[in-house]
Amino acid sequence: MDHALKFYINGEWVDPVQSPVTTLDVINPATEQPFTKIAMGTAADVDKAVAAAKAAFASFSETSKEERLELLKRILEIFIRRSDEMGAAISLEMGAPLAMAKAAQAGSGTAHLMEAIKAAEIFEYATMQGTTRVEHEPIGVVAMITPWNWPINQIAAKVAPAIATGCTMVLKPSEIAPVSAILFAEIMHEAGVPKGVFNLVHGDGPSVGVALSGHKDVDMVSFTGSTRAGVNVAQTAAPTVKRVHQELGGKSPNIILRSADLDKAVRTGVARCFGNSGQSCNAPTRLFVPQEAMDNAITIARDAAEKFRTGDPASADTDLGPVVSQLQFDKIQDLIQAGIDEGAELVTGGTGRPAELNAGYYVRPTIFARVGHDMRISREEIFGPVLSILTYDTLDEVVEMANDTVYGLASYIQGDLKEAQALSKRLRTGNVYINDAPWDGAAPFGGYKQSGNGREYGVFGLREFVEIKGIVGYEE
């Protein structure tokens with residue numbers, strides 16, 4: 001990692017302002033051992049990066065749609081060439097199984113770049129409304145604060161529409177999984193992104209995150225992370241009245257209707273919950289089954305969960321890697337124990353590592369059944385491979401329980417299509433996935449309530465990065 005101890009500012013890899021440099025070990029969660037270290041930034045580095053972005057905005061905001069599309073296409077071409085390298089880095093830094101890291105984690109970066117290009121080709125930057133001209137102009141300098149769980153997914157989902165609309169930016173990736181961001185900066189450099197348009201500063205939330213969120217020359221903050229951190233970002237940004245776009249936590253319900261194939265629906269629900277070791281904000285962690293189906297659902301869920309192989313991310317046989325950190329491991333263990341203490345039925349899994357593993361932040365794939373709606377495991381975001389099974393009698397009852405949460409990111413329905421379509425309108429979430437529908441990189445992504453505000457992906461992502469100007473009397 002030639003650039004791990006530097007930041008990318010104004011088109012160059014530069015040393016941190018502060019000397020001596022403060023560094024942070026980057027831990028491989030599969031071994032609990034450091035494999036590299038990064039420099040940690042300060043407010044002075046943020047000032048330097050924001051100044052570069054502000055200076056670049058004057059010219060980059062005036063580039064043509066065609067110029068920006070060509071730039072995105074060059075970025076995409078280089079990203080695809082380095083995709084395997086990106087997947088390997090993500091596997092190393094956050095523990096995703098290597099095959100999944102290459103196909104899904106790195107693959108999401110490719111998908112977002114492709115979708116941004118498609119969206120930019122059709123996006124109308126100026127329209128007429130009678131004699132008024134409505135302009136969509138780049139918002140300005142954007143601070144991007146991204147998480148560790150899907151690192152390149154969130155970087156690409158923010159950077160691509162920012163480039164497409166003519167914004168400039170400063171990225172603060174997660175300090176827990178920063179290597180993929182360094183590779184992304186190298187790709188941006190090779191693609192010939194103009195100086196100052198894209199800048200990268202490493203650091204933690206209290207230093208770099210706060211400095212970016214409150215900076216007077218930052219026009220927008222695009223943040224993905226926990227609801228708690230999102231509240232802090234919004235509070236810090238409030239005095240400068242900048243736009244704050246947030247994608248935060250979730251506690252997504254998965255409703256199995258009586259019309260569903262129970263075996264298929266439960267197995268699908270377990271797989272979706274456990275994907276990425278449960279470290280997805282939109283994971284369907286609350287599985288609702290009809291009361292009379294609980295015993296059968298338990299049998300199916302146990303069988304499905306016990307087929308998952310937890311282990312070395314580099315192994316082709318591994319389904320689930322470790323969770324990302326000791327802090328995350330401890331939080332999950334606490335919540336599993338809470339489920340036991342509060343009287344939920346432990347179907348499989350439980351506290352501690354899998355018996356065959358003596359190092360790494362590995363969590364036992366865990367299923368709880370007969371979970372009470374008010375139990376902690378039903379209400380708090382666990383962010384690990386832990387599924388809670390609840391029951392319902394009527395649709396009104398399951399809708400009430402599904403919506404009775406501070407979150408509103410996603411929900412899932414399995415069963416008759418027409419019945420699912422009708423039910424989808426009653427769920428207070430930004431996304432509804434019917435019958436294991438595949439991921440759609442052009443669908444609007446974002447949440448209701450404390451799951452955030454604003455939308456990402458495709459044309460919806462582009463809209464977040466523009467200001468709207470009405471020029472009244474433009475035509476007679």
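Basis for what follows: all heavy atoms, side chains included, without hydrogens, waters or symmetry-related copies.
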Check ion pair Arg243-Glu464 (N to O, under 4.0 angstrom): no
Ion pair Arg133/Glu475, N-O distance below 4.0 Å: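 Not counted as a salt bridge, because no side-chain N and carboxylate O are separated by less than 4.0 Å.
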Does atom [atom1] of [X] have more than 12 heavy-atom neighbours from other groups under 6.0 Å away?
| X | atom1 | value |
| --- | --- | --- |
| Met100 | CE | yes |
| Glu400 | CD | no |
| Lys331 | NZ | yes |
| Lys264 | NZ | no |
| Glu121 | CD | yes |

Between [atom1] on residue [X] and [atom2] on residue [Y], distance to nearest 0.5 Å:
| X | Y | atom1 | atom2 | answer |
| --- | --- | --- | --- | --- |
| Leu5 | Trp13 | CG | CH2 | 11.0 Å |
| Ile182 | Met86 | CD1 | CE | 10.5 Å |
| Met188 | Ile155 | CE | CD1 | 10.0 Å |
| Asn199 | Lys48 | CG | NZ | 10.5 Å |
| Lys172 | Leu212 | NZ | CG | 8.5 Å |
| Lys6 | Ile38 | NZ | CD1 | 15.0 Å |

Steps toward side chain to side chain contact (heavy atoms under 4.5 Å, CB included) verdict (Val46, Val218): CA-CA 10 Å; Val46 170; Val218 167; over 6 Å; no
Could you check whether [Y] and [X], counting side-chain N and O atoms only, form a donor-acceptor pair closer than 3.5 Å?
| X | Y | result |
| --- | --- | --- |
| Gln129 | Thr132 | no |
| Thr429 | Ser411 | yes |
| His202 | Asp45 | no |
| Glu93 | Ser180 | yes |

Test log, rule side chain to side chain contact (heavy atoms under 4.5 Å, CB included), inputs Arg455 and Arg463: CA-CA 8 Å; Arg455 295 295 181 266; Arg463 292 174 184 168; over 6 Å; no
Test side chain to side chain contact (heavy atoms under 4.5 Å, CB included) applied to Lys158 and Val142, step by step: CA-CA 9 Å; Lys158 299 179 191 303; Val142 182; over 6 Å; no
Geometric cation-pi criterion Arg68 and Phe123, 6.0 Å radius, 45° cone: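 So Arg68 doesn't make the cation-pi contact.
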Taking C-beta and beyond as the side chain, do [X] and [Y] meet within less than 4.5 Å on heavy atoms?
| X | Y | value |
| --- | --- | --- |
| Thr224 | Glu456 | yes |
| Ile75 | Ile187 | yes |
| Leu423 | Glu419 | no |

Considering all heavy atoms, the nearest Arg428-Lys449 contact: O-CE, 4.1 Å
Which atom of Arg379 lies closest to which atom of Tyr407, heavy atoms considered: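 Scanning both residues completely, I find the closest heavy atoms to be O-CE1, 4.1 Å.
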Pair Phe445 + Tyr457: ring centers closer than 6.0 Å: yes
Phe184 and Phe79 aromatic ring geometry - parallel, tilted or perpendicular at 30°/60° bounds: perpendicular
Step-by-step side chain to side chain contact (heavy atoms under 4.5 Å, CB included) determination, Leu390 to Ser378: CA-CA 9 Å; Leu390 301 88; Ser378 177; 3.6 Å; yes
Asn282, Asn254, Asp436 screened by side chain to side chain donor-acceptor pair (under 3.5 Å) with Arg272, the one that passes: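 That would be Asp436; it is the only one of Asn282, Asn254, Asp436 passing the side chain to side chain donor-acceptor pair (under 3.5 Å) with Arg272.
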